[in-house]
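Each remark here refers to the structure printed beneath this line.
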Amino acid sequence: MRFETKAIHVGQDPDPSTGAVVVPIYQTSTYAQEDAGVHKGHEYTRTSNPTRDALQQCLAALEGGSFGLAFGSGLGAITTVLTMFAAGDHVICGDDVYGGTFRLFDKVFRHLGLEFTYVDTSKPEAVRAALRPRTKLVWMETPTNPLLKISDIAALAAITREAKILLAVDNTFMSPALQRPLELGADIVMHSTTKYIGGHSDVVGGFLAVSDPDLHTRLKFLQNAVGAVPGPFDSWLTLRGLKTLAVRIAAHERNATAIAAWLASHPEVEGVLHPSLASHPGHEIQKRQASGFGGVMSVRVRGGLEAARRVCRSTRFFFLAESLGGVESLIEHPAIMTHASIPPETRAALGITDNLIRLSVGIEHLDDLQEDLDRALRARP
Ligand code: P1T
């Protein structure tokens, strides 16, 4: 079965009792048992729910994985992974990750005794050099949020396999329509399904896909024990979004590559960070490990903070909002918004400058988006 077909059919046979072609929303917290311990496969919705099961099966299959686990948010999924470890264990994390991921590691898990080293995962030798006897996990994004740095998943998987530790890839920016890290050797794929998977900016969710049965058993135990699960309706909305992932991603991709190329020569733009550009240092790796470049890009505008703020408030179709991956275009200012939890010195060292804006290119008509950005870039106080 091919990708587009899996998205519509895996885990989604017509409902056996009614023939409904859409998986019903099983809006129930519990399930009646015939006798104590005798039931039809479900006991309590934190543990399992048929609507969530359908989402888990379908998205796992799209990632090329054997097992999927859905969560109430992306951070709920990441939290659950980190609860596999104990105080004193060490995690290597990419130095450019979503601000909330950094905050979770630095402000929550570090205080519980986990140790973190932040490295540029686009340099595999830097990851190797950061390994310690108690390193348990490498956590990475590719492309990274918000600087769109590209890391070679297979090269990092070779290092983690040799060190007998886990490699987790946050695949939120790509979605399985463009990149499938499990097939490149990663152990865990994570999603904020809030983004491209849901696709319509109407539901928050998270996901883990794995292929190793033992790893699945551990994480499934923790999914239930920690309890950061999505409700049936949120699972249903996410599954509904998933069905159109391939067609939406193709439209995001067309618009974003055209806009990146156009912005790169715009007089009000200093630089564009998007792996579709041949000048991007990760361009060749991206072409090798993914089938596209994604709909998110960051742009350095001429003129500093005030100019960046002006562009952000001057667009009409690009809403000024956090998040990404929905059908509507969004614009945001990482230093003030999504990455404010990263200390200013660290932001400066990484290149999250005050003139940096991030675009999530939606699926509106390309000409409208281009005209909108052009007008905003040329706006004067
Ligand atoms: O927001 P939540 O569903 O909990 O997912 C967190 C998360 C994890 N990983 C990546 C790569 C993300 O981009 C996010 C959420 N990001 C934003 C809200 C944002 O605007 O970047």
Side-chain angles (χ1 to χ4, degrees), residues 98-100 143 145-148 172-175 192-204 237 240-241 244-245 247-277 292-340 352-381:
Y98 169 55
N145 183 359
L147 295 173
L148 286 297
T172 299
F173 269 36
M174 287 280 95
S175 93
S192 167
T193 56
T194 316
K195 312 298 182 326
Y196 289 104
I197 305 292
H200 297 75
S201 305
D202 53 10
V203 59
V204 170
L237 276 175
R240 172 161 133 147
T244 55
L245 178 66
V247 286
R248 283 186 288 106
I249 287 285
H252 285 290
E253 186 73 16
R254 270 197 308 277
N255 279 352
T257 48
I259 285 178
W262 168 74
L263 282 176
S265 57
H266 195 284
E268 299 299 329
V269 168
E270 261 179 22
V272 178
L273 311 179
H274 192 248
S276 65
L277 300 170
F293 306 101
V296 181
M297 71 190 69
S298 289
V299 180
R300 296 192 201 282
V301 300
R302 288 201 196 284
L305 178 63
E306 262 324 298
R309 291 187 86 114
R310 191 166 59 238
V311 175
C312 287
R313 66 172 173 262
S314 302
T315 49
R316 173 178 166 206
F317 299 127
F318 282 82
F319 295 138
L320 175 54
E322 301 201 8
S323 204
L324 56 101
V327 291
E328 58 288 287
S329 293
L330 301 179
I331 188 168
E332 68 112 9
H333 190 275
I336 298 174
M337 298 167 66
T338 49
H339 292 71
I352 306 177
T353 50
D354 283 349
N355 69 338
L356 186 81
I357 59 177
R358 191 188 73 188
L359 303 177
S360 172
V361 176
I363 66 168
E364 301 93 332
H365 196 286
L366 174 62
D367 296 348
D368 288 324
L369 297 182
Q370 224 162 286
E371 284 165 21
D372 193 29
L373 287 173
D374 192 46
R375 210 179 312 113
L377 284 162
R378 292 176 195 280
R380 288 296 167 260

Check the pair His200 / Thr244 against side chain to side chain contact (heavy atoms under 4.5 Å, CB included), numbers first and verdict last. CA-CA 11 Å; His200 297 75; Thr244 55; 4.2 Å; yes

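- Pairing each heavy atom of His252 with each of Val327, the nearest pair is CE1-CA, 4.2 Å.
- Looking at heavy atoms from C-beta onward, Thr338 lies out of side-chain contact with Pro146 at the 4.5 angstrom threshold.
- You'll find the side chain of Ser298 stays beyond 4.5 Å of the side chain of Leu147, heavy atoms only.
- Residues Met174 and Gly292 share a closest heavy-atom pair of SD-O, 4.1 Å.
- Remark: Phe317 CZ is packed, more than 12 non-hydrogen atoms of other residues, nucleotides or ligands lying under 6.0 Å away.
- Heavy atoms only, all atoms of each residue included: Arg358 and Ser323 are closest at NH2-O, 3.1 Å.
- Arg254 has its side chain out of reach of Leu366: every pair of non-hydrogen atoms, C-beta onward, lies at least 4.5 Å apart.
- Ser360 and Phe318 get closest at one heavy-atom pair: O-CE2, 4.0 Å.
- For Ile352 against Pro334, the heavy-atom pair with the smallest separation is CG2-CB, 4.0 Å.
- Summarising the geometry, atom OG belonging to Ser329 is positioned 10.0 Å from atom CG belonging to Asp368; distances are rounded to the nearest 0.5 Å.
- Between the NE2 atom in His339 and the CG atom in Leu356 there is a gap of 9.5 Å [rounded to 0.5 Å].
- Within 6.0 Å of CZ in Arg316 there are 12 or fewer heavy atoms belonging to other residues, nucleotides or ligands.
- A donor atom on one side chain and an acceptor atom on the other are not found under 3.5 Å apart for Arg310 and Ser314.
- Note: Leu324 CG to Glu332 CD = 8.5 Å, rounded to the nearest 0.5 Å.
- Between Met297 and Leu263, the closest side-chain pair of non-hydrogen atoms falls below 4.5 Å.
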Asp374/Trp262 under side chain to side chain contact (heavy atoms under 4.5 Å, CB included): CA gap, chis, key distance, verdict: CA-CA 10 Å; Asp374 192 46; Trp262 168 74; 3.8 Å; yes

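- With contacts defined as side-chain heavy-atom distances shorter than 4.5 Å, the pair Pro143/Val296 does not qualify.
- When all heavy atoms of Ala376 and Thr315 are compared, the pair lying nearest together is CB-CG2, 3.5 Å.
- Under the 4.5 Å side-chain criterion, counting only non-hydrogen atoms from C-beta, Leu373 is in contact with Leu359.
- Leu320 contributes atom CG, which lies 10.0 Å from atom CD1 of Ile357 (distance to the nearest 0.5 angstrom).
- One finds the OG1 atom of Thr194 at 12.0 Å from the CD atom of Glu322 (value rounded to the nearest 0.5 Å).
- In this structure, Leu377 CG and His266 NE2 are separated by 4.5 Å, a value rounded to the nearest 0.5 Å.
- Atom CZ of Arg300 sits in a crowded spot, with more than 12 heavy atoms from other residues, nucleotides or ligands closer than 6.0 Å.
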Are Ile259 and Val272 close enough, and set up right, to give a side chain to side chain contact (heavy atoms under 4.5 Å, CB included), and what steps lead you there? CA-CA 10 Å; Ile259 285 178; Val272 178; over 6 Å; no

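- Residue Glu268 is tested with Arg375, Arg302, Arg380, Arg378 for a salt bridge (charged side-chain N to carboxylate O under 4.0 Å, His left out); the sole match is Arg380.
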